[in-house]
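Worksheet: one structure, shown below.
Just so it is clear: chains get the letters A, B, ... in the order the sequence lines come, proteins before strands, and each one is counted from 1. Remember, predicted model here, so these are calculated numbers, not experimental data.
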Amino acid sequence: MSSGRIQQALLAWYGDNARDLPWRRSRDPYRVWLSEVMLQQTRVETVLPYYERWLERLPTVAALAAADEETVLRLWQGLGYYRRARNLHRAARAIVEERGGRWPASAAEWRQLPGVGRYTAGAIASITRGEPAAVVDGNVKRVLARLFLIDEPVDDAATLRRLWLLAESLVPAAAPGDFNQALMELGARICRPRRPRCDLCPLRPDCRGRRAGVAESLPRRRRRRPIPHRQEVAALVVRGGRYLLGRRPPGLLGGLWEFPGGPVAEGESPPQALARALVERLGIEVDVGPRLAAVDHAYSHLKVTVALYRCRLTGGELRPAYHTAARWLRRRQLGDLPLPRVTRKLARHLAA
DNA sequence: GACGCGTGGCC
DNA sequence: TGGCCAAGCGT
């Protein structure tokens, strides 16, 4: 099969079937960059409202660079992988302050920015400047694995190299941005993970996976390791009608605010764990009272059950250690801060 | 190379 | 309920 035929068929299909997505209405590097970062590991439908809201509040890279981190995280709240927002913020400041507002001129230059890897750099450079850079994302892995009947695990390093080589050999000099988006669009809507719509596929005549009757079983992946389940505790410390919140350090949910607490260690009771965590993390001493709620939550790599206890402040002095800051807030004010999903679940159990 | 890193939808 | 997956990146 010729790559020319694949390119033609795919571009023609894309011309007729491309969705009217907001980031496709402009080649503004800021808008394309923002969309690509938001779309990392995140569905189009999830991104749409976040994208619009973000651009209303921070319409330019200069506005982003000038914003404070709390604003940035508040706009990102709920999208997950919060390091993406902090990297976007850092990169915007680098562009404005170190590059005099000059955009990267190539995929290689985009790669220098935090949060921009091989995929994102190729996507931005091909879309905004017509640079013939390839992209390999989850969609492209699936499409190519089926098209070329690649049945080694696609998360294998050797297979990944092969996929990048294939993608690079396919991307045309003429319309690389459209071609890359077409490949991903095909993966999202036709060459879907389950029940692919081969009847509608422009590449059907060339697809080795379909011909062999194994398209839906591809791509193969390596077995994932089991996800651990951890018990955690959190404290509702009340003072004068205000609740104590701590800001999380870099890492899981970095920069977001939570009811302070921590994991329950082996051989430790939940109240013991909570009293210990509050001393270690915030320098305060409490009496742990009744359990108010328990919620389950699943992260990408961890499952937790968090029990919330009412606590009474008995001593110590508020000195954030693990947490990078602490604040006392009324219930109404909780919505002003970036909160993780699990904290919102817990907050639902508070008396209004 | 293997992890750590969120959330929501689907089956 | 639980596993899988999604326009990945950084370490």
Is A/Arg222 touching bases, backbone alone, or none of the nucleic acid, heavy atoms closer than 4.0 Å?
sugar-phosphate
Roughly, in whole Å, what's the span from CZ in A/Arg344 to C1' in B/dG8?
15 Å
Residues in side chain to side chain contact (heavy atoms under 4.5 Å, CB included) contact with A/Arg332, at least two apart in sequence or another chain:
none
Report the residues that fulfil side chain to side chain contact (heavy atoms under 4.5 Å, CB included) with A/Asp16, sequence neighbours left out, ordered by chain and then residue number.
none
DNA chain B: A/Leu302 or A/Arg161, which has the more 5' nearest nucleotide?
A/Arg161
Test of understanding: with ring pair (Phe, Tyr, Trp, His ring centres under 6.0 Å), list the residues that count as partners of A/Tyr30, not counting sequence neighbours.
none
For a side-chain hydrogen bond (donor to acceptor under 3.5 Å, both in side chains) check, start with the C-alpha distance between A/Glu70 and A/Trp257, then their side-chain angles and the critical distance, and finish with the verdict.
CA-CA 10 Å; A/Glu70 197 115 308; A/Trp257 294 77; 3.2 Å; yes
Send over the distance from A/Gln77 CD to B/dG6 C1', rounded to a whole Å.
12 Å
Figure out the CZ/C1' separation between A/Arg223 and B/dC3, and round it to whole Å.
18 Å
Once you round it to whole Å, what is the distance between P of C/dG3 and CZ of A/Arg225?
15 Å
With A/Tyr243 as reference, evaluate A/Val237, A/Val238, A/Leu329 under the side-chain contact (heavy atoms from CB on, under 4.5 Å) test and give the passing residue.
A/Val238
Under the ring pair (Phe, Tyr, Trp, His ring centres under 6.0 Å) rule, what pairs show up with a residue in residues 281-321 of chain A, not counting sequence neighbours?
A/His297-A/Tyr299
Give the residues of residues 249-256 of chain A touching DNA chain B, defined as any heavy atom closer than 4.0 Å, sorted by residue number.
A/Gly251, A/Leu252, A/Leu253
Would you kindly give the CH2-to-P distance between A/Trp76 and B/dT7, to the nearest whole Å?
13 Å
Below 4.0 Å: OP1/OP2 of C/dG3 and any side-chain N or O of A/Lys303:
yes
What is the separation between atom CD1 on A/Ile227 and atom P on C/dG2, rounded to the nearest whole Å?
11 Å
Please check if the side chain of A/Arg276 supplies one atom and the backbone of A/Val264 the other of a donor-acceptor pair under 3.5 Å.
no
In whole angstrom, give me the gap between the P atoms of C/dA7 and B/dA2.
23 Å
Check this one for me: any side-chain N or O of A/His301 less than 4.0 Å away from OP1 or OP2 of B/dC5?
yes
A/His229 atom NE2 is separated from C/dG3 atom P, nearest whole Å, by 12 Å
With A/Trp13, which residues qualify under ring pair (Phe, Tyr, Trp, His ring centres under 6.0 Å), at least two apart?
none
I'd like to compare against my own output: the B/S/- annotation of nucleotides 6-11 of chain C with a strict under-4.0 Å heavy-atom distance to protein.
BBBBS-
For A/Trp164, which residues count as a ring pair (Phe, Tyr, Trp, His ring centres under 6.0 Å) partner, sequence neighbours excluded?
none
Heavy-atom nearest nucleotide on DNA chain B taken for A/Ala157 and for A/Arg195; more 5' hit belongs to A/Ala157
Taken in chain and number order and not counting sequence neighbours, the residues that satisfy ring pair (Phe, Tyr, Trp, His ring centres under 6.0 Å) with A/Trp110 are A/Trp33, A/Trp103
Between C/dC4 and A/Arg194, is there an OP1 or OP2 to side-chain N/O distance shorter than 4.0 Å?
no
Please report the distance separating the P of C/dT1 from the corresponding atom of B/dG6, rounded so that it comes out in whole Å.
23 Å
Euclidean distance, atom CE of residue A/Met38 to atom P of B/dT7 [Å, nearest integer]:
15 Å
